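All heavy atoms count here, side chains included; hydrogens, waters and symmetry mates do not. Only a predicted model underlies this, so the values are computations on that prediction, with no experimental measurement involved. Naming: A, B, ... by sequence-line order, numbering from 1 per chain.
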2 protein chains.
Amino acid sequence: MQTIVASSGLPADVYSAKCPTRQVLDHIAGKWTILIVDALLATGTMRYSDLSRRIGGVSQKMLTQTLRQLEADGFLTRTIHPTIPPRVEYELTPLGRSLAVPIAALRRWTEEHINEIEEARSAGTAS
Amino acid sequence: MQTIVASSGLPADVYSAKCPTRQVLDHIAGKWTILIVDALLATGTMRYSDLSRRIGGVSQKMLTQTLRQLEADGFLTRTIHPTIPPRVEYELTPLGRSLAVPIAALRRWTEEHINEIEEARSAGTAS
DNA sequence: CCGGATCCCTCAAGATACTG
DNA sequence: CAGTATCTTGAGGGATCCGG
């Protein structure tokens with residue numbers, strides 16, 4: 001099946017630097033995006049601090065920035081509860097959950113093949 | 001199934017910044033990695049200049065750097081034919097082809113859902 | 001206290017030019 | 001053809017501040 005991109009009227013092609021699909025792929029490819037979406041698929045609704053604690057090594061700046069990007073792309077919703085202290089909850093949309101499927105597959109692949117990769121690495125450095 | 005990482009003796013966990021799986025995921029997540037692996041899955045063996053032409057917007061530096069990384073991780077092989085002019089061919093290993101499956105799924109997802117994403121974006125900016 | 005926004009600085013990506 | 005060398009720029013990390 002071939003998709004025609006509405007905004008450009010051209011066929012979707014991630015190999016073309018100007019194609020809108022490519023920009024989207026670049027966002028998805030970001031390491032924080034993958035971890036956030038995968039965490040939300042597993043956990044359901046999460047607060048800002050939950051995500052911050054769950055995802056090791058993420059800075060507040062990048063967490064906020066990536067969450068806003070994901071919200072703009074329609075992958076998740078951001079719900080503010082104006083209580084004291086404030087509560088902000090993030091949850092995947094149906095679109096976000098459909099993206100989470102291939103992303104979770106990628107995470108699983110990494111965890112399942114890590115030992116093969118480490119073997120290849122030590123084989124390379126040994127020569 | 002839970003994988004124990006040989007080098008650390010700990011369970012695989014991409015959410016931990018120090019886990020080896022996380023470093024691997026960060027490489028895989030890179031936009032160039034995804035495009036290179038996906039291109040090689042579709043085409044089989046490719047020369048340096050083939051990849052350079054196929055992947056729009058990649059600089060020589062990043063192409064070389066990413067290819068060396070993928071070679072070190074055991075995802076592809078690099079074969080030099082010492083002819084004049086020189087020929088260098090890249091091809092996925094079995095490990096690389098197994099990685100290409102979830103990566104191709106991600107590319108396909110992007111191309112198939114681009115119109116939904118653009119709709120979400122314009123809905124957001126309109127408000 | 002939570003969920004950021006802001007400032008500053010570093011390091012890696014990208015453009016450009018050159019070479020075996 | 002298939003890279004390396006060099007320089008530049010800006011995305012990303014750390015620390016700090018702030019409104020509710």
Side-chain angles (χ1 to χ4, degrees), chain A residues 14-18 22-36 39-40 43 45-73 76-91 124, chain B residues 14-19 22-37 39-40 43 45-73 76-91 124:
Chain A
V14 288
Y15 293 107
S16 169
K18 295 141 299 184
R22 173 65 168 277
Q23 268 102 58
V24 171
L25 184 65
D26 290 348
H27 289 150
I28 294 174
K31 48 181 175 176
W32 303 128
T33 298
I34 291 185
L35 292 171
I36 289 171
L40 282 172
T43 317
T45 301
M46 291 184 88
R47 300 181 58 173
Y48 182 89
S49 50
D50 292 335
L51 287 163
S52 181
R53 246 175 286 106
R54 181 78 223 265
I55 300 173
V58 70
S59 65
Q60 294 182 331
K61 179 180 168 182
M62 287 314 296
L63 182 54
T64 300
Q65 188 175 307
T66 310
L67 284 169
R68 294 294 154 83
Q69 182 67 62
L70 291 172
E71 188 190 5
D73 285 348
L76 54 78
T77 59
R78 179 168 175 264
T79 310
I80 306 171
H81 300 266
T83 58
I84 298 178
R87 264 179 62 209
V88 181
E89 300 193 315
Y90 295 91
E91 187 174 13
Chain B
V14 288
Y15 294 108
S16 169
K18 293 142 303 188
C19 181
R22 172 65 168 277
Q23 267 101 60
V24 171
L25 183 65
D26 290 348
H27 291 150
I28 295 174
K31 49 180 175 176
W32 303 128
T33 298
I34 291 184
L35 292 171
I36 289 171
V37 170
L40 282 172
T43 317
T45 301
M46 289 184 88
R47 301 180 60 171
Y48 183 88
S49 51
D50 291 336
L51 287 163
S52 181
R53 246 175 286 107
R54 180 76 224 261
I55 300 172
V58 70
S59 66
Q60 294 183 328
K61 178 184 169 183
M62 288 312 297
L63 182 55
T64 300
Q65 188 174 306
T66 309
L67 284 169
R68 295 293 152 85
Q69 181 67 61
L70 291 172
E71 187 189 7
D73 285 348
L76 53 79
T77 58
R78 178 166 175 266
T79 309
I80 306 171
H81 301 266
T83 57
I84 296 179
R87 262 179 65 207
V88 180
E89 300 193 314
Y90 295 91
E91 187 173 15

Could you check how far CE of A:Met46 sits from P of C:dG3, rounded to whole Å? 12 Å
Please check this pair: side chain of A:Arg54 against backbone of A:Met46, looking for a donor-acceptor N/O pair closer than 3.5 Å. no
Under 4.0 Å protein heavy-atom contact, by nucleotide of nucleotides 13-20 of chain C - B base, S sugar-phosphate only: BBB-B--B
Could you give the CG-to-P distance, from B:Leu67 to D:dG3, as a whole number of Å? 8 Å
What nucleotide among C:dG4, D:dA2, D:dG3 has an atom nearest to a side-chain atom of B:Arg87? D:dA2
Just by modelled atom types, is the A:Gln60 backbone N or O under 3.5 Å from a matching donor or acceptor in the A:Thr64 side chain? yes
Between atom CD1 in A:Ile55 and atom P in C:dG3, what is the gap in whole Å? 14 Å
Can you tell me how far P of C:dC2 sits from CG of A:Leu63, to the nearest Å? 15 Å
Whole-Å distance between D:dG3 C1' and B:His81 NE2? 16 Å
Which nucleotide in the set C:dG4, C:dC2, D:dT4 lies at the smallest distance from any side-chain heavy atom of B:Thr64? D:dT4
Can you give me the closest heavy-atom contact between A:Gln69 and A:His27, atom names plus distance? NE2-CE1, 3.4 Å
Could you please name the option among C:dC2, D:dA2, D:dG3 that lies closest to any side-chain atom of B:Arg68? D:dG3
Between atom CD1 in A:Ile36 and atom C1' in C:dG3, what is the gap in whole Å? 14 Å
Measure the distance from CG on B:Leu51 to C1' on D:dG3 and round it to the nearest whole Å. 13 Å
Heavy-atom nearest pair, B:Tyr15 first then B:Arg22, reads O-NH1, 3.4 Å
Could you state the CD1-P distance from A:Ile80 to D:dG19, rounded to the nearest angstrom? 17 Å
5'-most by nearest nucleotide on DNA chain D - B:Asp50 or A:Pro82: B:Asp50
Applying salt bridge (Lys or Arg N to Asp or Glu O under 4.0 Å), can you list everything that pairs with A:Glu91, at least two apart in sequence or on another chain? none
Helical bend (five base pairs per end, nearest 10°) for the helix from C:dC1-D:dG20 to C:dG20-D:dC1: 40°
Of the nucleotides D:dC1, D:dG3, C:dC2, which one has an atom closest to the side chain of B:Val88? D:dG3
